[in-house]
Amino acid sequence: MDDNYSFRPIGLIRSCYTGKFGIPRQPGLVTAVEARLELFATFAREEAFTGLEGFSHLWLLFVFHDAIAEGWRPTVRPPRLGGRRKVGVFASRSPHRPNPIGLSAVEFRGLDREGGGLALRLGGVDLLDGTPVLDVKPYVPYADCLPQASSGFVPPSHDRKREVIFSPQALTQAQALSQARWADPEGERRLADLITQVLRQDPRPGYLDRYPDRQDFALRLYDLEVKWRETGGQILVTALEPLAT
Ligand code: SAH
């Protein structure tokens, strides 16, 4: 039996997450921004998606393409355990797996047709910009939603109620950036909502409890460096700086 399978991605994700640090750890946690699955020409066939419009959510199967080089180990330290405890890779959702395949249920917001191309508009993704997607399947609640399920070492709720505030400098930068880039009057609010939701998730790595004095952090969204300071449960966004590309 030939046990090597090769799969061909159907398209690539375009998202605001241009760096791995700060991407939400599961889908649905940050809803403020829209991502796209841009299909490759061979698969940009509308008939292949007929019927999908009635589904609010989709499963995406994708490649953790930016984790492949690091390989895999039989045990991992999940961030939900503060990086302190090890569990088996197959008891985790770690990107570092023998077959680096990811699975996310995301919101489906419709199809975009533009100049012969085809893209799916998606909400709530936890995917790096450029992620190759292997497959799309409708989310079928009667089979896929299991409210009675127990969740092992993962706490049931992620709601941490962290307060996010913007410094006057960060607010001015958000205003200038959104005016220059998005001719949309809502652009500034959307950028602020996105940053607020991302930081509320607490992207800091678990091992930081070994460095309790560290206060200043930065992550990438689009081509921006978002800088913030942690001050006793409150988050102060200090600056938004365009990165040299
Ligand atoms: N919902 C998925 C992903 C869980 S891991 C699953 O359960 O399979 C989530 C982390 O994957 C994110 O925090 C992000 O840092 C990482 N990630 C997202 N896209 C990636 C990619 N293309 N390559 C490597 N890591 C990625």
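Each residue takes its place number in the sequence, starting with 1. Both ligands and their constituent atoms are indexed starting at 1 by order of listing.
- At most 12 heavy atoms of other shown residues, nucleotides or ligands fall within 6.0 angstrom of atom CZ in R73.
- Among F108, F55, W59, the single residue meeting the ring-ring contact (aromatic ring centres under 6.0 Å, His included) criterion with Y139 is W59.
- When each atom of ligand 1 is checked for a heavy atom of K20 under 4.0 Å away, the hits are 15 (O), 24 (C), 25 (N).
- Atoms OH and CG, on Y17 and L194 in that order, are 5.5 Å from each other to the nearest 0.5 Å.
- Summary of contacts: the protein heavy atom closest to atom 7 (O) of ligand 1 is R93 NE, 2.7 Å.
- Within the 4.5 Å cutoff, side-chain heavy atoms of L120 are placed close to those of L111.
- Those atoms of ligand 1 that come under 4.0 Å of a heavy atom in V63, given as number and element, are 22 (N).
- The same ILVMFWY cluster, assembled from side-chain heavy atoms under 4.5 Å apart, contains both V237 and F21.
- The pair E34-R190 fails the salt-bridge criterion, with no side-chain N (NZ, NE, NH1 or NH2) lying under 4.0 Å from an Asp/Glu carboxylate O.
- The shortest N or O to N or O distance between Q26 and ligand 1 is under 3.5 Å.
- Scanning the protein heavy atoms around atom 23 (N) of ligand 1, the nearest turns out to be D66 N, 3.1 Å.
- If you check which protein heavy atom lies closest to atom 26 (C) of ligand 1, you get F64 CD2, 3.7 Å.
- Of all protein heavy atoms, the one closest to atom 8 (O) of ligand 1 is L103 N, 2.9 Å.
- Under the 4.5 Å side-chain heavy-atom criterion for grouping Ile, Leu, Val, Met, Phe, Trp and Tyr, L39 is connected to L52 within one hydrophobic cluster.
- With a 4.5 Å cut-off on side-chain heavy atoms, L122 and L127 do not count as touching.
- Between L127 and ligand 1, a contact under 3.5 Å exists for no N or O pair.
- If you number the atoms of ligand 1 from 1 as listed, the ones under 4.0 Å from a heavy atom of G102 come out as 8 (O).
- Scanning all heavy atoms of the two residues, the minimum distance from F64 to G102 falls at CE1-CA, 3.4 Å.
- Counting non-hydrogen atoms of other residues, nucleotides and ligands closer than 6.0 Å to CZ of R229 gives a total of 12 or fewer.
- Looking only at protein heavy atoms, the nearest one to atom 9 (C) of ligand 1 is R25 O, 3.7 Å.
- Looking at atom 13 (O) of ligand 1, its nearest protein heavy atom turns out to be I23 O, 3.3 Å.
- In terms of polar-atom proximity, defined here as any N/O pair under 3.5 Å, L128 does make such a contact with ligand 1.
- Heavy atoms of P24 come nearer than 4.0 angstrom to ligand 1 in at least one pair.
- Of all the atoms in ligand 1, the ones that sit under 4.0 Å from a non-hydrogen atom of T131 are 19 (N), 21 (C), 22 (N).
- At most 12 non-hydrogen atoms from other residues, nucleotides or ligands lie less than 6.0 angstrom from NZ of K137.
- Residue H65 approaches ligand 1 through these ligand atoms, each under 4.0 Å from one of its heavy atoms: 21 (C), 22 (N), 23 (N).
- Both the backbone and the side chain of D126 come within 4.0 Å of ligand 1, judged by heavy-atom distances.
- Nearest to atom 16 (C) of ligand 1 by heavy atom, out of P27, P95, G19, G28, is P95.
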